[in-house]
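Remember, predicted model here, so these are calculated numbers, not experimental data.
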Amino acid sequence: MILTQELQVILFKPQSSIDLEGGKTLSEQMARVVPQAHQLWVIDLAEVNFMDSSGLVPLVKGLKAARQSGCRLVLCNVQAPVRLILELTQLDSVFEIFPTYEDIFTTVEDKSLVLAG
């Protein structure tokens, strides 16, 4: 798990699987961040090629925590197996999903870090 923080962007880059163990690691990483209003939390899933139902828990908890703190959480680089899980659970309509990391900032600049609904 790689975690970097710069400006108002918090980047999470989980590796390989978000299952029970990988989900626990992601939850721990997100819990270490002190949320501040108007931060953008990005979960870059480029390196994640597997996610099961237990992996959804940290994503949903992270989204809830971000929104309660006035932050915005988005997903990017979602691989096909992970996208399938999000679509089957209809969470693809709950999360903001961007094709690439760069695409987030093209859109974010237009929204000035406004929180998604």
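Cluster membership check: I104 shares its hydrophobic cluster with V9, using side-chain heavy-atom separations under 4.5 Å among Ile, Leu, Val, Met, Phe, Trp and Tyr. Transitive grouping of hydrophobic side chains (ILVMFWY, heavy atoms separated by less than 4.5 Å) brings L73 and V33 into a common cluster.
Judged as a salt bridge (charged side-chain N to carboxylate O under 4.0 Å, His left out), not a single pair has a partner in residues 75-93 (not counting sequence neighbours). For residues 52-65, no residue pair satisfies the salt bridge (charged side-chain N to carboxylate O under 4.0 Å, His left out) rule, not counting sequence neighbours.
In this structure, L88 belongs to a hydrophobic cluster whose other members, linked by side-chain heavy atoms under 4.5 Å apart, are L84.
Across N49 and S17, no two heavy atoms sit closer than the pair OD1-OG, 4.4 Å. Closest heavy-atom contact between E96 and R72: OE1-NH2, 2.5 Å. Counting all heavy atoms, side chain and backbone alike, M30 lies closest to P58 at CE-O, 3.1 Å.
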Throw together a table of side-chain donor-acceptor distances under 3.5 angstrom for residues 40-48, partners on residues two or more places apart or in other chains.
from: W41; atom 1: NE1; to: Q39; atom 2: OE1; distance (Å): 3.0
from: D44; atom 1: OD1; to: A46; atom 2: N; distance (Å): 3.0
from: D44; atom 1: OD1; to: N77; atom 2: ND2; distance (Å): 2.9
from: D44; atom 1: OD2; to: N77; atom 2: ND2; distance (Å): 3.3

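Taking 4.5 Å as the limit, every side-chain heavy atom of P81 sits out of range of all side-chain heavy atoms of F50.
A donor-acceptor contact shorter than 3.5 Å links the side chain of Q15 to the backbone of K13.
Here the OG-CG distance, from S53 to L20, works out to 9.5 Å after rounding to the nearest 0.5 Å. Atoms NZ and OG, from K24 and S54 in turn, are 12.5 Å apart once rounded to the nearest 0.5 Å.
Residues passing the side-chain contact (heavy atoms from CB on, under 4.5 Å) test with L91 are L56, V60, L86, T89, V94, F95, sequence neighbours excluded.
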